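Quantities reported herein were computed from a predicted structural model and do not represent experimental measurements.
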Amino acid sequence: MIDLQRDGDVFVLRLDAGENRFGPDFLGAVEGALDTVAKADGPRALVTVGTGKFFSNGLDLEWLGANGDRFEEYLGRVNGLYARLLELPAPTVAAVNGHAFAGGGMLALAHDFAVMRADRGYFCLPEVDLGMSFTPGMNALITARLSAATAHEAMITGRRYTAEQAIAAGIVRSAAAEAEVLPAAVELAASLAGKDGKTVGKIRRDMYRATLAALHGPALG
């Protein structure tokens with residue numbers, strides 16, 4: 001489902017569960033991996049990457065359909081995952097190897113930087129086309145990490161951004177060929193790993209104080 005390996009100063013968290021939707025077991029595995037990174041000694045940074053054509057497609061709608069009575073609890077846990085990344089005492093880079101849709105797009109935004117696959121990497125917040133709105137925490141994350149114009153377009157239109165368009169919109173930092181996405185992300189993460197993790201975490205907590213309050217607050221407002 002997931003695999004966490006340390007390569008020098010860089011932890012590589014590989015999501016390997018098909019579309020990498022956020023089912024409870026998947027969330028538990030990722031939470032455990034983040035615990036490992038947070039508690040590690042020495043210089044460190046985190047790279048998160050998917051497999052195949054998917055970085056992540058976000059919420060597990062099939063599980064939600066069978067567990068509607070746990071909707072608010074589930075959304076709170078997803079919001080908590082984004083908060084964990086913002087609070088992580090280490091620099092973070094998303095290696096967007098393919099589709100980063102809906103909650104998966106927000107997962108990428110919760111990282112410090114993102115490198116996207118040039119030919120078939122896509123970012124999309126399609127909630128408007130699914131008849132869904134955003135939790136207060138998700139809204140706060142998106143509007144904190146993107147410019148007002150980009151957040152408005154992405155959320156209101158459900159636009160699917162290519163890597164080139166995502167760079168222009170400030171969604172991702174750079175693009176790379178399929179085989180180079182992960183190496184480029186690891187190289188960027190390694191260049192940041194020497195930053196003091198506690199200081200990085202403190203800067204983020206201060207910078208995103210309102211966002212974190214929303215993510216830690218009631219999931220449905």
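- Between the CG atom of Asp60 and the CD atom of Glu19 there is a distance of 9.5 Å, given to the nearest 0.5 Å.
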Tell me which donor-acceptor pairs under 3.5 Å the side chains of residues 149-159 have, and how far apart each pair is, sequence neighbours excluded?
unit_1, atom_1, unit_2, atom_2, d
Thr150, OG1, Ser147, OG, 3.1
Thr150, OG1, Ala169, O, 3.1
Glu153, OE1, Arg159, NH1, 3.0
Glu153, OE1, Tyr161, OH, 2.7
Glu153, OE2, Arg159, NH1, 3.3
Thr157, OG1, Glu153, O, 2.5
Thr157, OG1, Arg159, N, 3.1

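- For Asp206, the side-chain contact (heavy atoms from CB on, under 4.5 Å) test picks out Lys202, Arg209, with sequence neighbours left out.
- Listed by chain and number, the residues in a ring pair (Phe, Tyr, Trp, His ring centres under 6.0 Å) with Phe123 amount to none (sequence neighbours excluded).
- Applying the salt bridge (charged side-chain N to carboxylate O under 4.0 Å, His left out) definition to pairs two or more places apart or across chains, those involving residues 110-124 are Asp112-Arg204, Arg117-Asp119, Arg117-Glu178.
- Checked against side-chain hydrogen bond (donor to acceptor under 3.5 Å, both in side chains), Asp9 has no partners two or more places apart in sequence or in another chain.
- Judged by distance alone, with hydrogens and angles left aside, the side-chain atoms of Asn97 form a donor-acceptor pair with the main-chain N or O of Gly50 at under 3.5 Å.
- Residues passing the side-chain hydrogen bond (donor to acceptor under 3.5 Å, both in side chains) test with Tyr82, sequence neighbours excluded: none.
- Applying the salt bridge (charged side-chain N to carboxylate O under 4.0 Å, His left out) definition to pairs two or more places apart or across chains, those involving residues 69-87 are Glu31-Arg77, Asp35-Arg84, Arg70-Glu73.
- The ring pair (Phe, Tyr, Trp, His ring centres under 6.0 Å) test applied to Phe113 returns no partner, not counting sequence neighbours.
- Side-chain atoms of Ser56 come within 3.5 Å of backbone atoms of Asn20 as a donor-acceptor pair (strictly under, hydrogens ignored).
- Residues satisfying the side-chain hydrogen bond (donor to acceptor under 3.5 Å, both in side chains) criterion with Arg173, sequence neighbours excluded, are absent altogether.
- The number of heavy-atom neighbours closer than 6.0 Å to CD of Glu164, taken from other residues, nucleotides and ligands shown, is 12 or below.
- For Ala45, the side-chain contact (heavy atoms from CB on, under 4.5 Å) partners at least two apart in sequence or on another chain are Pro91, Ala189, Ala193.
- Every residue meeting the ring pair (Phe, Tyr, Trp, His ring centres under 6.0 Å) condition with His99, not counting sequence neighbours, appears here in chain and number order: Phe54, Phe101, Tyr122.
- Residues passing the side-chain hydrogen bond (donor to acceptor under 3.5 Å, both in side chains) test with Asp16, sequence neighbours excluded: Thr51.
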